[in-house]
Amino acid sequence: MGYGFGAMIDRLKANPKKIVFTEGSDERILQAASRLLAGTWLQPVLVGDPEEIHRVAEVDGDNINGAAIIDPNNFDRMDEMVDLFMELRGAKAGTREQAVKTLKQANYFGTMLVRMGYADSLLGGATYSTADTVRPALQIIKAAPGNSIVSSCFILVRPSATGGNEVLCMADCAINLVPTEDQLVEICGQATKCAERFGVDPKVAFLSFSTKGSGKGESVTKMQNATAKAKVKYPDLPIEGELQFDAAVSPTVARQKAPDSQIAGHCNTFIFPDINAGNLGYKIAQRMGNFDAYGPILLGLNAPINDLSRGCNSQEVYDMAIVTASLA
């Protein structure tokens, strides 16, 4: 487990939560649910056919006693759920019959369980695409007050040469394709709050192919302006930009390229100019730098909804469940 998990578990022990798993019969989900149930601080809510869920759990020897199992095809509050869904979505919900059909899909059904207060958070995506997990969240849970967008970050963790762990935060790598200056500022605020949950003392770099005007172009200007706006909005945050990645993380390079900066060379929270850079950046760090990557962690929603990789294992499900629920 990465740095910060102990504090997250302590938070859950003090205030236990419920988490919905939209793919309740997936063996990786059931293995993680069994481990979570060994504690008393996070109750799994498994969406699916109870017979199928128990059959898979029995085959793998997973003890899921204490988990809530809810079948979209046999839910005693379905009428209430449909009413609320049609109220939330208006004409986009379609006819009542169409709304029922939509809500029998586990991703929509699970998200509505959170919206109705049946659970505090949701983790999906073991078999769904990111879009199929995020779409219901945007439509039903929506952005929290004070947030104009929903964004995402990845937390990257690896053992440090000096002991403990090195922990980095990268945003936005999964949601906003080409964020504007103002959206980048909001992404910065959302990402630093998440980084702090992992024990990171954020030092923020707005990244570019240019350092302090060494390059020219629209994307450079965007990152320069976003940096300036972020410094005004978050005066207590150490923020620098625009920086190339080497100037952000290497003290030697920073002395050459950004000699007047207090934090260049020591940054740990990275704001990328667009999703291309962000997605490539975190994956290169993960694969070439031997980091464990947690995410995408969705930021700015009214309730914590997170996405799993379809290639995830049960350990990643367990870890992401703790991350997700601790954000509630």
Side-chain angles (χ1 to χ4, degrees), residues 1-2 4-5 7-9 11-12 17-24 26 28-29 31-33 35-36 41-47 106-115 118-144 147 149-157 167 169-176 187 190-191 193-198 275 278-279 282-283 286 292-328:
M1 274 198 181
F5 274 90
M8 290 180 186
I9 291 171
R11 197 176 294 121
L12 290 170
K17 301 290 184 182
K18 287 183 179 180
I19 185 167
V20 174
F21 291 100
T22 50
E23 296 116 328
D26 187 284
R28 297 163 295 177
I29 301 295
Q31 288 166 13
R35 286 183 63 191
L36 291 169
W41 33 267
L42 185 52
Q43 185 191 19
V45 178
L46 305 172
V47 175
N107 54 340
Y108 275 91
F109 182 81
T111 306
M112 284 298 294
L113 289 178
V114 176
R115 184 66 176 76
Y118 199 97
D120 306 289
S121 56
L122 177 146
L123 187 58
T127 60
Y128 285 106
S129 69
T130 295
D132 285 338
T133 300
V134 173
R135 191 182 306 109
L138 295 176
Q139 292 175 354
I140 294 166
I141 303 298
K142 303 183 180 179
N147 293 275
I149 60 166
V150 173
S151 69
S152 74
C153 72
F154 278 82
I155 299 293
L156 291 99
V157 183
V167 187
C169 176
M170 296 186 172
D172 177 356
C173 307
I175 302 294
N176 295 285
I187 289 165
Q190 293 174 351
K193 284 180 187 173
C194 185
E196 287 168 349
R197 285 289 180 103
F198 281 82
I275 198 172
N279 196 270
Y282 101 79
K283 286 183 185 291
Q286 178 188 20
D292 290 328
Y294 298 98
I297 299 169
L298 301 187
L299 308 172
L301 285 165
N302 262 315
I305 309 283
N306 277 327
D307 179 46
L308 291 161
S309 161
R310 280 172 284 183
C312 67
N313 58 39
S314 64
Q315 179 67 47
E316 289 168 325
V317 176
Y318 178 80
D319 290 347
M320 277 302 293
I322 293 168
V323 170
T324 304
S326 74
L327 294 170

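Between the Glu316 side chain and the Asn313 main chain, a donor and an acceptor come within less than 3.5 Å of each other. At least one donor-acceptor pair under 3.5 Å links the side chain of Glu23 to the backbone N or O of Thr127. Of the possible polar contacts, none joining the Gln190 side chain to the Ser152 backbone as a donor-acceptor pair under 3.5 Å is found. Proximity of a side-chain donor or acceptor of Arg28 to a complementary backbone N or O of Val317 within less than 3.5 Å is not detected.
Considering every non-hydrogen atom in both Ile141 and Ala303, the closest pair reads CG2-N, 3.3 Å. The two residues Leu123 and Asp307 have their closest heavy-atom pair at CD1-N, 4.2 Å. Closest non-hydrogen pair, Thr22 versus Gly124, comes out as OG1-CA, 3.4 Å. Pairing each heavy atom of Ala191 with each of Ala171, the nearest pair is CB-CB, 3.8 Å. In terms of heavy-atom proximity, Met8 sits nearest to Arg197 at CE-O, 3.6 Å. For Ala143 against Asn302, the heavy-atom pair with the smallest separation is O-ND2, 3.3 Å.
Phe154 and Tyr282 have parallel rings, their planes meeting at less than 30° on a 0 to 90° scale where 60° marks the start of perpendicular.
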- Test Leu308 against Tyr128 for side chain to side chain contact (heavy atoms under 4.5 Å, CB included), laying out the working first. CA-CA 8 Å; Leu308 291 161; Tyr128 285 106; over 6 Å; no
- Item | From CA spacing to verdict: side chain to side chain contact (heavy atoms under 4.5 Å, CB included), Asn147, Leu299 | CA-CA 9 Å; Asn147 293 275; Leu299 308 172; over 6 Å; no
Distance-only donor-acceptor hits, side chain of residues 107-115, under 3.5 Å, sequence neighbours excluded:
residue, atom, partner, partner atom, Å
Asn107, ND2, Asp132, O, 2.8
Tyr108, OH, Gln139, OE1, 2.8
Thr111, OG1, Asn107, O, 2.7
Arg115, NE, Ile140, O, 3.3

For residues 321-328, dump all side-chain donor-acceptor pairs below 3.5 Å to protein atoms at least two apart in sequence or in another chain.
residue, atom, partner, partner atom, Å
Thr324, OG1, Asn306, ND2, 2.9
Thr324, OG1, Met320, O, 2.6
Ser326, OG, Ile322, O, 3.2
Ser326, OG, Val323, O, 2.9

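To the nearest 0.5 Å, the span separating CG on Leu298 from CG on Leu138 amounts to 8.0 Å.
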